[in-house]
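So that the names make sense, note that chain A is the first sequence line, chain B the second, and so on, each numbered from 1. Only this structure's heavy atoms are used, side chains among them; waters, hydrogens and symmetry mates stay out.
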Protein chains: 2
Amino acid sequence: MNRTQGPERPFRDALQRLKAAGLRPTRQRLALTRILFENGHRHVTAETLHAEAKTAGVDVSLATIYNTLHQFTTVGLLREVVIDTGKAYFDTNTDDHHHFFFEDSGRLADIPGNDVAIANLPIAPEGMEVARVDVVIRLRGAGRLS
Amino acid sequence: MNRTQGPERPFRDALQRLKAAGLRPTRQRLALTRILFENGHRHVTAETLHAEAKTAGVDVSLATIYNTLHQFTTVGLLREVVIDTGKAYFDTNTDDHHHFFFEDSGRLADIPGNDVAIANLPIAPEGMEVARVDVVIRLRGAGRLS
DNA sequence: ATTAATGCAAAATCTTTGCACTTTC
DNA sequence: GAAAGTGCAAAGATTTTGCATTAAT
């Protein structure tokens, strides 16, 4: 838009992130990257991301949302969290960590810190290696939201 | 089939199980109960259970399979295990325990023993209680099946 | 120019629903 | 014969796919 000044910082960051991941910085991917990574860690589904994009005035088809979520996951920008049968959640925090799942609202939250540890992790069967350990703490309750 | 003798043991067990759960012992539910509970702990999906029933010569519609799986889960005969987006697994072992998931084959297995323990379980947020803690160890590997 | 990405709508999966028919109590 | 359960096919929901168009290198 303004080419007398260099691109603003957030834009440059998004561009950089895509380049580093080896993905072409298309208009859609740049917009989604900014939505996803500019405001701390996020948990999204295809649907919520699509809605957010629309709200932000970015026109992206659902198919592209799905493509993008999976490409980002493949290159390590996102991580998929299996919480629910029939809906895929993606987390912008790709570090090893675990989750709270609020059953009432369907909201997902990282468990703060790396406190959770698993004792007596059983040995993987012959010839198998551990790809990942997922811990989900399902919460239910007198759900007055703060 | 043979009414000069009392019903055989397995049949009686299935009947008993359904009655205890407050479910009417219909032909379909009896058959599914036997398939599910007569041979140690099992992990099934709607599809695998439907196939097994068919193989066993039991005619049950898919809709009834779904109904039954959910009814059984509601009354505590089964437990749902969330492993995979887009496919629901059910476990005949309703005790507190965790799972291995073989990503290659889609097979699910209980982690033997109650060894797995979680250290530093974080406090549930205000007004929330822990409904359940799920641990899934995802395995991948030089998967030569035994 | 070449290659990759996007969008659309159609298809594929898995699951649920509505309603007539059947079975259990 | 009430009430509950079953089966079918249709409808839902989410995700994937095929292919023509558009954009990036």
Pairs under 3.5 Å (N/O, protein and nucleotides 22-25 of chain C):
from	atom 1	to	atom 2	distance (Å)
C:dT24	O2	B:Arg24	NH1	3.1

Expected rows: protein N/O vs nucleotides 10-14 of chain C N/O, under 3.5 Å:
from	atom 1	to	atom 2	distance (Å)
C:dC14	OP1	B:Lys87	NZ	3.4
C:dC14	O3'	B:Gly86	O	3.3

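Mapping B:Thr45 and A:Val60 onto DNA chain C by nearest heavy atom places A:Val60 at the nucleotide closer to the 5' end.
Counting to the nearest Å, the C1' atom of D:dC19 and the CG atom of A:Asn67 are 13 Å from each other. Between B:Leu18 atom CG and D:dG5 atom P the separation is 11 Å, expressed in whole Å. Rounded to whole Å, atom P of D:dG7 lies 9 Å from atom CG of B:Leu32. Between the CD1 atom of A:Ile65 and the P atom of C:dA5 there is a distance of 16 Å, given to the nearest Å. Protein atom OH of A:Tyr89 is 15 Å distant from nucleotide atom C1' of D:dT15, rounded to whole Å. Atom C1' of nucleotide D:dG7 and atom NZ of B:Lys54 are separated by 13 Å, given to the nearest angstrom. Atom CD in B:Gln28 sits roughly 5 Å away from atom P in D:dT6 (whole-Å rounding). Spacing between atom CG of B:Leu62 and atom P of D:dT6 amounts to 14 Å, rounded to whole angstrom units.
The phosphate of D:dT6 has neither OP1 nor OP2 within less than 4.0 Å of any side-chain N or O from B:Thr64. A:His70 has no side-chain polar atom (N or O) that falls below the 4.0 Å cut-off from OP1 or OP2 of D:dT15. Contact annotation: A:Gln71 does not reach the phosphate of C:dA4 (side-chain N/O to OP1 or OP2, under 4.0 Å).
A:Phe11 does not carry A:Arg34 over the face of its six-membered ring by the limits of under 6.0 Å from the centre and within 45° of the normal.
Counting any heavy atom pair closer than 4.0 Å across all strands shown, A:Asp84 reaches no nucleic acid atom.
The salt bridge (charged side-chain N to carboxylate O under 4.0 Å, His left out) test applied to B:Asp59 returns no partner, not counting sequence neighbours. Under the side chain to side chain contact (heavy atoms under 4.5 Å, CB included) criterion, B:Thr64 pairs with B:Gln28, B:Val60, B:Ser61, B:Thr68, sequence neighbours left out.
Taking CG from A:Asn93 and CG from A:Asp110, the interatomic distance works out to 5.0 Å, rounded to the nearest 0.5 Å. Separating the CZ atom in B:Arg27 from the CG atom in B:Leu32 is a distance of 9.5 Å, to the nearest 0.5 Å. A distance of 9.0 Å separates CG in B:Leu49 from CG in B:Leu78, rounded to the nearest 0.5 Å.
Among residues at least two apart or in separate chains, ring pair (Phe, Tyr, Trp, His ring centres under 6.0 Å) pairs with a member in residues 43-80 of chain B are B:His43-B:His99, B:His70-B:Phe90.
The cluster map of Ile, Leu, Val, Met, Phe, Trp and Tyr, joined by side-chain heavy atoms under 4.5 Å apart, puts A:Ile137 and B:Val82 in different clusters.
In the hydrophobic clustering (ILVMFWY side chains linked at under 4.5 Å, chained through shared members), A:Val136 is joined by A:Val81, A:Ile83, A:Tyr89, A:Phe101, A:Leu108.
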